[in-house]
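Computation of the quantities below employed the complete heavy-atom set of this structure, encompassing side-chain atoms and omitting hydrogens, waters and symmetry-equivalent molecules.
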Amino acid sequence: MPDPATDAFVAHRNLLFTVAYEMLGSAADAEDALQETWLRWSAVDLDGIRDQRAYLVRMVTRQALMRVRSLGRRKESYVGSWLPEPLLTAPDVAEDVELAESVSMAMLLVLETLAPTERAVFVLREVFDLGYDEIADAVDKTPAAVRQIAHRARAHVAARRPRGEISPAETRHALAAFQRAVETGELQGLLDILAPDVVLIGDGGGIAQAVLDPIVGADAVARVLGPGLHHIDAASLRPAQVNGYPALILWRDGEVDTVLALRVEEGLITGFYSVRNPEKLSRLRQETALRR
């Protein structure tokens, strides 16, 4: 016998996961938020709900906001730099330019600089196009307050987001230069496309070896990358779509060892993001469906 509550939840599950993931940057925590949302949704009287999608989005937003605080405490004691959990994504994510940008490693790091409520308002308004009244219900603010928060969050993000539209073609070109450097040991082609203020961030979580602090500047990044490239088997580097954009996955002994994502602006690499914490690499064997 069909269950209307289950059918509605399944129909919107990918959307709800995407909302929670964009608010948290952690797939594991997003799944926990979905589980709590389902438990509450299954007890709701559906007859009194006009818009099931909006109602579910409000529910998962509240659950995600509750988890932001506990996640924040974990980040405070995290060993080294914290990067979002990378996701293997399907081609349809890349085709939705706004969705792809919103889940890119570069944008998720920008969202990390927002306060939790600002992040929720920005995601719900700018990515999912919810009305101010709906967002107000989700974050327990007045519509007028939500408008002010949205304005402040937009300005904050605009000052920090990548300059211009992120180009998958430019990202692939930069990744190809990295692969050539691995294959040949010749760094010059890669150095030529490093921005002067490029930043290298590694995330090993205290489990895998990685730079503990961000490395800033083309010369400093080159000094770190140069010796490391000699230890990479070029055949173990494979291209992939990660968080909506081209990336490289390094495999060792049949396991994902490292995910390398880039931030490319105006043809130059401004960010290297290397995720090596094995606890964050469990979703790289199959695609994660994202929707908005």
With a cut-off of 6.0 Å (strictly less than), are more than 12 heavy atoms of other residues, nucleotides or ligands near CD of E31? yes
Could you tell me whether E22 and R292 make a salt bridge, using a distance below 4.0 angstrom between a side-chain N and a carboxylate O? no
Could you state the interatomic distance from CD (Q63) to CG (L16), rounded to the nearest 0.5 Å? 11.5 Å
Can R154 and E118 be counted as an ion pair, charged N to O under 4.0 angstrom? no
Side chains of residues 199-212: which donor-acceptor partners sit under 3.5 Å, not counting sequence neighbours?
| residue | atom | partner | partner atom | Å |
| --- | --- | --- | --- | --- |
| D203 | OD1 | Y78 | OH | 2.5 |
| D203 | OD1 | G205 | N | 3.2 |
| D203 | OD2 | Y78 | OH | 3.3 |
| D203 | OD2 | L83 | N | 2.9 |
| D203 | OD2 | K280 | NZ | 2.6 |

Check for me, please, whether V57 and V44 land in the same ILVMFWY cluster - side-chain distances under 4.5 Å, paths through other members count. yes
For V97, the rest of its hydrophobic cluster, which grows through side-chain links under 4.5 angstrom: none
Would D3 and T6 count as having a side-chain donor-acceptor pair, cut-off 3.5 Å? yes
Looking at every non-hydrogen atom in both residues, tell me the closest pair between T171 and P246 and how far apart they are. CG2-O, 3.5 Å
Chi angles and distances behind the side chain to side chain contact (heavy atoms under 4.5 Å, CB included) call for I269, L190: CA-CA 9 Å; I269 300 172; L190 181 60; 4.0 Å; yes
Does any part of the side chain of R238, heavy atoms only, come nearer than 4.5 Å to the side chain of Q179, both counted from C-beta? no
Would you indicate whether the side-chain heavy atoms of R74 and D29 approach each other to under 4.5 Å? yes
Interatomic distance, CG@L56 vs CD1@I49, rounded to 0.5 Å, equals 7.5 Å
Apply side chain to side chain contact (heavy atoms under 4.5 Å, CB included) to residues T288 and F17 and explain how you reach the verdict. CA-CA 10 Å; T288 297; F17 175 85; 3.6 Å; yes
Quick one: do Q52 and W41 satisfy side chain to side chain contact (heavy atoms under 4.5 Å, CB included)? Show the steps, please. CA-CA 10 Å; Q52 294 182 347; W41 173 251; 4.0 Å; yes
Rounded to the nearest 0.5 Å, what separation is found between the CG atom of L187 and the CG atom of L225? 7.5 Å
Provide the closest heavy-atom pair for P86 versus L284 in the form atom of the first, atom of the second, distance. O-CD2, 3.6 Å
In Å, rounded to the nearest 0.5 Å, how long is the span from CG of L194 to CG of D219? 9.5 Å
Going through the distances and angles, do L99 and T18 end up as a side chain to side chain contact (heavy atoms under 4.5 Å, CB included)? CA-CA 9 Å; L99 176 61; T18 308; 4.0 Å; yes
Test your reading of the model: is there a side-chain donor-acceptor pair from R119 to the backbone of M23, 3.5 Å cut-off? yes
Within-4.5 Å side-chain heavy-atom neighbours: M66 and E36: no
Within the 4.5 Å heavy-atom criterion, are Q286 and L88 side-chain neighbours or not? no
Can any side-chain N or O of R69 pair as donor or acceptor with the backbone N or O of L65 at less than 3.5 Å? yes
Nearest 0.5 Å please: distance from the CG atom of D137 over to the CE atom of M59. 13.0 Å
Show the nearest heavy-atom pair for residues E170 and G267, with the distance to one decimal. OE1-N, 3.2 Å
So, does Y21 use its side chain to make a donor-acceptor pair with the main chain of E85 at under 3.5 Å? yes
Hey, quick one: are L260 and L229 part of the same hydrophobic cluster, counting side-chain heavy atoms closer than 4.5 Å, chains of contacts allowed? yes
Has T270 got a side-chain atom pairing as donor or acceptor with R263's backbone, closer than 3.5 angstrom? yes
Please determine if R291 and D92 form a salt bridge, counting it only when a charged side-chain N lies under 4.0 Å from a carboxylate O. yes
Of all the heavy-atom pairs spanning E287 and A90, show the shortest one and how long it is. OE1-CB, 3.4 Å
Any non-hydrogen side-chain atom of P84 less than 4.5 Å from a side-chain atom of L109? yes
So, for E183 and A234, which heavy atoms are closest and what is the spacing to 0.1 Å? CG-CB, 3.4 Å
Look at the side-chain heavy atoms of Ile, Leu, Val, Met, Phe, Trp and Tyr, link any pair under 4.5 Å apart, and say whether L87 and L34 land in one connected group. yes
Single-linkage hydrophobic cluster W251~I232, side-chain heavy atoms < 4.5 angstrom: no
Check whether any side-chain heavy atom of R53 lies under 4.5 Å from a side-chain heavy atom of L130, and answer yes or no. yes
Lys NZ or Arg CZ of R125 over Y132 ring: under 6.0 Å, within 45°: yes
Identify which one of E265, H156, E101 satisfies the side-chain hydrogen bond (donor to acceptor under 3.5 Å, both in side chains) criterion when paired with R161. E101
Mind checking whether V224 and L262 sit in one hydrophobic cluster, side chains of I, L, V, M, F, W, Y counted as touching below 4.5 Å? yes
Tell me if a side-chain donor or acceptor on R58 pairs with a main-chain N or O of I135 at a distance below 3.5 Å. no
Measure across A100 and G244 and return the closest heavy-atom pair with its distance rounded to 0.1 Å. CB-O, 3.9 Å
Please round to the nearest 0.5 Å and tell me the distance separating atom CZ of R160 and atom CG of L111. 11.5 Å
